[in-house]
Amino acid sequence: MAGRTIKGRVADRLTDEGLPLVRVIIKGTTQGVETELDGTFSLPNVPQGPVTLLFSSQDYGEREVKVGANQRELTVQLDNVFSEEMVVVGRASEVARKNLANSVASVNAEDLNRAPAQTVDGALQGKVAGANIQSNSGAPGGGMQMRLRGVSTINGSTQPLYVIDGVLVSDVAIASGIYTVTDSVTGSNPSPTQDNQVNRIADINPNDIESIEVLKGASAAAIYGSKAANGVVIINTKRGREGAPKVDITQRLGFYSLANKLGTRRFETVEEVIDTFGEDAAQYYVPGRTYDQESALAGRRDLSSETLASISGAAGTLKYFASAMVKNDEGIIANTGYEKQSFRLNLGQTLGEAVELNVSTNLLHTLGQRGLTNNDNQTITYYMTMPYAPEFLNLQADSSGVFPTNPFLGNGANPLQTAALVKNDEDVWRFIGAGDATIHLLKTEENHLRILANAGVDRFQQENQVVFPPELNFEPVDDTFPGTSLFGTSQVRNINTGLNLVHTYRPASKSLVSTTSGGVQLEERSVNSVYVISENLNAGQPNVDSGTVVSVRQDRQLIRDRGYYVQEEMLLLDERLTLVGAIRGEQSSANGNENALYFYPKLATAYRIPSFHPKVNEFKVRVAYGETGNQPRYGMKFNSLPTINNIEGNPGLLGSGIAGDPTIKPERQREIEAGIDGLFFGGDVVAELTFYQRTISDLILQRTLPPSTGFTTQIFNGGSLRNRGIEAMVQVTPIRGAFEWTSSATFALNRSMVTDLPVPAFLTGGFGTGLGAFRIEQGASATQIVGNVRDADGNLSVKKLGDTEPDFIMGFSNSLKYQDFTLSFLFHWQQGSDIINLTRFLYDAAGTSEDFETGGRQRLTDRRANAGVYIEDASFVKLREVTLTYNLPKKWVSAIPKVQNARLSLSGRNLLTFTSYSGLDPEVSNFGNQAIARNIDVAPFPPSRSFWTSLDVGF
């Protein structure tokens with residue numbers, strides 16, 4: 001008997017507007033169609049008898065509809081993702097967003113990948129209220145900091161917890177070892193974060209991501225316990241969907257270009273040259289002859305490319321998604337760039353009605369060529385030497401490729417030679433695998449009992465190769481040995497497993513929906529880094545065995561955690577009232593007592609008020625409380641005994657002077673938040689508003705000990721700080737129809753204060769109060785910058801001169817659609833925040849700043865009385881993204897066999913920056929992922945803007 005044809009229409013439940021491109025599939029088969037522009041569809045050859053149709057859309061989720069044996073027409077209404085999107089609220093449970101009792105920010109695949117970004121965290125900039133995402137520098141391959149709801153620690157870990165398909169992945173930033181040559185760790189700033197590291201979340205392919213959920217508050221993140229003080233970022237990758245195989249291929253071509261220059265002083269006469277550099281400088285000056293040194297260093301615009309391919313679908317009960325990416329970003333400086341290859345396979349299998357299995361695998365390879373930037377104590381990095389490369393000096397290589405020595409530096413460092421010859425490569429191979437199984441023990445109309453088991457591994461090897469060949473002008477001036485080669489290898493492994501039991505009760509009366517869950521988790525994190533440093537190299541030999549002076553360093557860490565939890569979620573009063581309660585207990589080998597059990601509770605409630613006006617579709621009030629922690633760093637409970645000491649030719653152990661604390665415990669964060677959410681005018685207006693206060697106690701601090709103890713300081717728990725803030729989001733669709741305009745804005749502000757400090761106020765980071773430093777003191781902002789100020793009587797005092805915390809941060813995005821054209825753009829506004837601009841100080845000290853005669857000379861004088869001269873406002877407005885897309889006409893596309901759709905795009909990232917900041921980029925933070933010492937500008941990698949052309953084809 002011939003099959004029937006089912007016709008119908010798919011519409012938005014609130015507006016009754018037809019929804020295009022919704023997939024309509026006969027469940028259990030690959031047979032299906034997509035709805036037309038008006039939401040109608042016609043599905044032929046439907047088998048006789050009752051069938052189930054599966055409707056799926058990125059913006060409207062999925063819905064199953066049963067169709068009777070004789071039914072040939074139907075109308076289906078779908079709810080917008082805002083209200084029906086499922087959001088994670090526990091280790092093994094989720095709830096519809098309309099019932100959510102916490103503030104959870106979500107970013108979908110379309111918003112994330114609208115304009116190509118090098119890294120996932122870079123793609124999130126300006127899109128999440130309450131997230132301050134900052135680039136450490138402009139180096140290829142990223143290096144970002146994400147701070148959620150203000151500063152949460154002083155000496156603890158600063159990164160949020162990243163969870164990808166259930167795997168607690170590593171975001172560790174491992175130093176390259178450049179500091180062994182630059183000596184940046186000597187002096188007042190010993191942290192190797194100055195090495196301009198990449199945090200490893202950069203490895204992830206943004207195009208594989210289906211959605212990202214950002215748990216900003218403790219009430220949402222408490223279920224992750226002592227690793228969630230800095231927030232949790234849950235990343236869900238794409239999965240296969242029922243239907244015929246769908247193939248998507250994307251080809252992108254583009255380039256990066258220097259976004260900003262510092263400029264340099266114009267020397268008008270030979271007398272000015274002699275006054276600045278001495279008598280010998282006159283021989284290099286030729287009136288009217290100038291060289292653009294910044295363009296020579298960072299003016300590359302080589303072709304970059306990105307190729308993406310994916311296939312998804314279902315074969316019987318097996319769902320699959322596979323993808324591949326090959327990416328090559330060429331840096332703006334010679335020998336810099338970023339390469340990435342990613343291969344993913346996600347599978348989902350059902351075994352009868354009782355068992356569901358999912359497997360996620362991702363193999364990644366990245367190569368970051370980072371160049372030589374940031375602070376150093378040898379004056380060899382690019383922008384440390386650029387102040388001594390005046391515009392009249394020819395630093396280009398001669399016809400034989402030999403670079404001249406810089407006569408204005410004692411070590412002869414030539415930044416163009418350094419860029420051409422120094423190698424600083426970071427090579428990473430990584431595997432992330434996850435598996436989960438759901439076993440349905442009992443499934444009736446009222447009761448659903450299931451076991452959820454999961455396991456995951458994140459394993460990567462990072463290799464760093466650093467080569468300073470002996471022919472460099474500053475070799476061997478820097479360390480008496482010509483040439484340095486370094487090889488570093490780091491083995492990192494994260495393993496986590498979990499077993500959960502979940503019961504859902506839905507009585508026939510529909511008076512409530514109750515979900516009870518409990519479980520146990522085992523987690524392990526290990527890092528093993530080995531560095532081999534070889535000096536006095538044979539010419540042309542980069543291997544570490546070609547030097548005569550060899551040293552070795554190793555760092556090993558191993559932490560094991562155990563966690564246990566129970567959680568209860570209830571929906572009452574016709575699913576208008578939400579109640580959530582949970583408690584997690586956790587043990588960790590990082591704590592002083594690894595068997596001590598620390599508890600992290602959470603309570604949350606929300607109530608959806610019945611509509612009190614025709615224009616108000618949803619209105620919800622919510623309040624939540626939660627606690628999280630921040631584990632001590634590895635080894636804080638021990639007395640450090642470095643093993644690299646030599647005592648009369650014999651190996652020996654000497655104390656570091658820092659005493660550990662055998663009773664050290666996690667920092668404790670307590671947070672309460674309240675907010676309102678609304679859906680108005682049939683979905684044309686969506687709004688969220690959240691207020692929060694978070695208190696962090698048991699801070700990890702250091703206190704001074706009597707010298708008689710054999711130690712100078714000891715690590716201990718004590719003191720507290722507080723953050724208060726506001727977050728808001730509003731999305732408006734003022735125009736619908738043939739022309740559609742959607743606009744959204746995010747807003748966030750945060751204020752921090754140290755409320756209790758059991759030790760005297762202390763400095764943490766910076767170059768001392770003469771240039772600006774960070775001071776922790778009771779009653780003051782945790783992120784304040786202080787410096788020397790001399791009054792009219794000549795008395796010197798240390799005063800607050802700035803603060804790295806912005807006054808507020810806003811994101812403003814728009815999407816304008818007309819027929820087959822779409823224009824989207826995102827502006828990112830940061831108001832306030834201050835930067836210690838030491839790059840400007842370097843140029844002033846060299847006498848080569850662009851405004852030296854009108855401003856720089858005076859700044860050098862004024863600095864003696866006021867360190868605030870080099871502290872500047874970091875306010876900016878950036879055009880983060882802009883993309884213009886054109887969906888090629890179907891009559892063109894259909895001429896190519898199997899092609900369903902094609903789209904052409906032009907896009908750019910960081911195209912415009914509006915700021916009064918005099919440096920290269922107001923987002924700079926040379927000292928990497930640190931809790932307090934951010935916003936220091938010391939010879940960074942210059943920023944770039946990117947331009948892309950993309951062709952997307954679907955089969």
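The chain is numbered in sequence order, starting from 1. Since this is a predicted model, take the numbers as computed values, not measurements.
A donor-acceptor contact under 3.5 angstrom links the side chains of Thr839 and Asp937, judged on distance only. With 3.5 Å as the limit, one finds a donor-acceptor pair spanning the side chains of Ser529 and Ser490. Counted by atom type alone, Tyr382 and Glu294 present zero donor-acceptor pairs between their side chains at under 3.5 Å. Asp803 and Ser781 are linked by a side-chain donor-acceptor pair at a separation below 3.5 angstrom, with hydrogens and angles left out of the test. In the model, Asn837 has a side-chain atom that pairs as donor or acceptor with a side-chain atom of Ser918 under 3.5 Å. Residues Ser152 and Asn230 have side chains that bring a donor and an acceptor to within less than 3.5 angstrom of each other. Between the side chains of Asn723 and Ser752, not a single donor N or O lies within less than 3.5 Å of an accepting N or O. For the 3.5 Å distance criterion, the side chains of Asn788 and Thr769 qualify, holding a donor opposite an acceptor. Residues Gln830 and Asp807 have side chains that never bring a donor and an acceptor to within less than 3.5 angstrom of each other. A side-chain donor-acceptor contact under 3.5 Å links Ser744 and Ser813. Glu426 and Asn464 form a side-chain donor-acceptor contact under 3.5 Å, judged by distance and modelled atom types alone.
Ion pairing between a basic and an acidic side chain is recognised when a charged N comes within 4.0 Å of a carboxylate O; Arg840 and Asp851 show such pairing. A salt bridge does not link Asp862 with Arg859: every distance from a Lys NZ or Arg NE/NH1/NH2 to an Asp or Glu carboxylate oxygen is 4.0 Å or more. Taking the charged nitrogens against the carboxylate oxygens, Arg934 and Glu805 have no contact shorter than 4.0 Å, which rules out a salt bridge.
For the pair Thr182/Thr381, a side-chain contact is recorded, criterion being any heavy-atom separation below 4.5 Å from C-beta on. Taking 4.5 Å as the limit, every side-chain heavy atom of Val172 sits out of range of all side-chain heavy atoms of Gln159. The closest side-chain heavy-atom distance from Leu801 to Asn866 is below 4.5 Å. With a 4.5 Å cut-off on side-chain heavy atoms, Ile871 and Ile835 do not count as touching. Side-chain contact between Ile696 and Thr153 is absent, with no heavy-atom pair separated by less than 4.5 Å. For the pair Gln930 and Thr158, the minimum side-chain heavy-atom distance is 4.5 Å or more. Ser946 places none of its side-chain heavy atoms less than 4.5 Å from the side chain of Asn910. Taking the side chain as every heavy atom from C-beta outward, Tyr338 and Thr366 approach each other to under 4.5 Å.
Within the model, atoms CG of Asp834 and CD of Glu872 stand 9.5 Å from one another, a figure rounded to the nearest 0.5 Å. Atoms CD1 and CD1, from Ile936 and Ile836 in turn, are 5.0 Å apart once rounded to the nearest 0.5 Å. Rounding to the nearest 0.5 Å places CD of Glu667 at 5.0 Å from CG of Leu699. Between Asn935 atom CG and Ser833 atom OG the span is 4.0 Å, to the nearest 0.5 Å. Atom OG of Ser925 is separated from atom CE of Met144 by 11.5 Å, given to the nearest 0.5 angstrom. Annotation: the span from Arg668 atom CZ to Asp698 atom CG amounts to 8.0 Å, rounded to 0.5 Å.
Under the 6.0 Å cut-off for aromatic ring centres, His828 and Phe876 qualify, their centroids lying closer than that.
A distance-only check finds a donor-acceptor pair linking the side chain of Arg945 to the backbone of Leu911 [under 3.5 Å]. Lys340 places a side-chain N or O within 3.5 Å of a backbone atom of Ala202 that can act as its donor or acceptor partner. Within the 3.5 Å criterion, the main-chain N or O of Ser720 finds a donor-acceptor partner in the side chain of Thr755. Judged by distance alone, the side chain of Thr746 and the main-chain N or O of Met810 form no donor-acceptor pair under 3.5 Å. Of the possible polar contacts, none joining the Thr764 side chain to the Phe774 backbone as a donor-acceptor pair under 3.5 Å is found. A donor-acceptor distance shorter than 3.5 angstrom exists from the side chain of Asn260 to the backbone of Gly919, with no hydrogens or angles considered. Under a 3.5 Å cut-off, the side chain of Gln369 and the backbone N or O of Asn424 do not form any donor-acceptor pair. Without hydrogens or angle criteria, Arg909 side chain to Pro116 main chain gives a donor-acceptor distance under 3.5 Å. With Arg633 contributing its side chain and Asn155 its backbone, the two residues share a donor-acceptor pair below 3.5 Å. Remark: the backbone N or O of Ala229 is not paired with any side-chain donor or acceptor of Asn630 at under 3.5 angstrom.
Scored by the ring pair (Phe, Tyr, Trp, His ring centres under 6.0 Å) test, Phe716 finds no partners at all (sequence neighbours excluded). Residues satisfying the side-chain hydrogen bond (donor to acceptor under 3.5 Å, both in side chains) criterion with Thr373, sequence neighbours excluded, are Asn196. Partners of Gln778 under the side-chain hydrogen bond (donor to acceptor under 3.5 Å, both in side chains) rule, at least two apart in sequence or in another chain, do not exist in this structure. For Tyr692, the side-chain hydrogen bond (donor to acceptor under 3.5 Å, both in side chains) partners are Asn750, not counting sequence neighbours. Partners of Tyr870 according to the ring pair (Phe, Tyr, Trp, His ring centres under 6.0 Å) rule, which considers only residues two or more places apart in sequence or in another chain, are Phe841. Here Tyr917 pairs with nothing under the ring pair (Phe, Tyr, Trp, His ring centres under 6.0 Å) rule; sequence neighbours left out. Looking at residues two or more places apart in sequence or on another chain, you find a salt bridge (charged side-chain N to carboxylate O under 4.0 Å, His left out) between Arg114 and Asp111. In this view, Phe747 and Phe808 satisfy the ring pair (Phe, Tyr, Trp, His ring centres under 6.0 Å) rule, not counting sequence neighbours. Scanning for side-chain hydrogen bond (donor to acceptor under 3.5 Å, both in side chains) contacts around Asp121 gives Thr119, Asn199, with sequence neighbours left out.
Applying the salt bridge (Lys or Arg N to Asp or Glu O under 4.0 Å) test to pairs two or more places apart or on separate chains, those with a residue in residues 758-785 are Arg775-Glu777. Listed by first and then second residue, the salt bridge (Lys or Arg N to Asp or Glu O under 4.0 Å) pairs involving residues 137-150 are Arg149-Glu671, Arg149-Glu673, Arg149-Glu727 (not counting sequence neighbours). Annotation: salt bridge (Lys or Arg N to Asp or Glu O under 4.0 Å) contacts involving residues 911-927, sequence neighbours excluded, comprise Lys878-Asp921, Lys878-Glu923, Arg880-Glu923.
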With salt bridge (Lys or Arg N to Asp or Glu O under 4.0 Å) as the test, would you mind laying out the steps for Lys261 and Asp292 before giving the verdict?
-> CA-CA 10 Å; Lys261 293 181 180 181; Asp292 188 343; 2.7 Å; yes

Ile726/Thr690 under side chain to side chain contact (heavy atoms under 4.5 Å, CB included): CA gap, chis, key distance, verdict = CA-CA 6 Å; Ile726 301 172; Thr690 301; over 6 Å; no

Check against side chain to side chain contact (heavy atoms under 4.5 Å, CB included), Leu701 and Phe762 = CA-CA 10 Å; Leu701 301 173; Phe762 60 91; 4.3 Å; yes

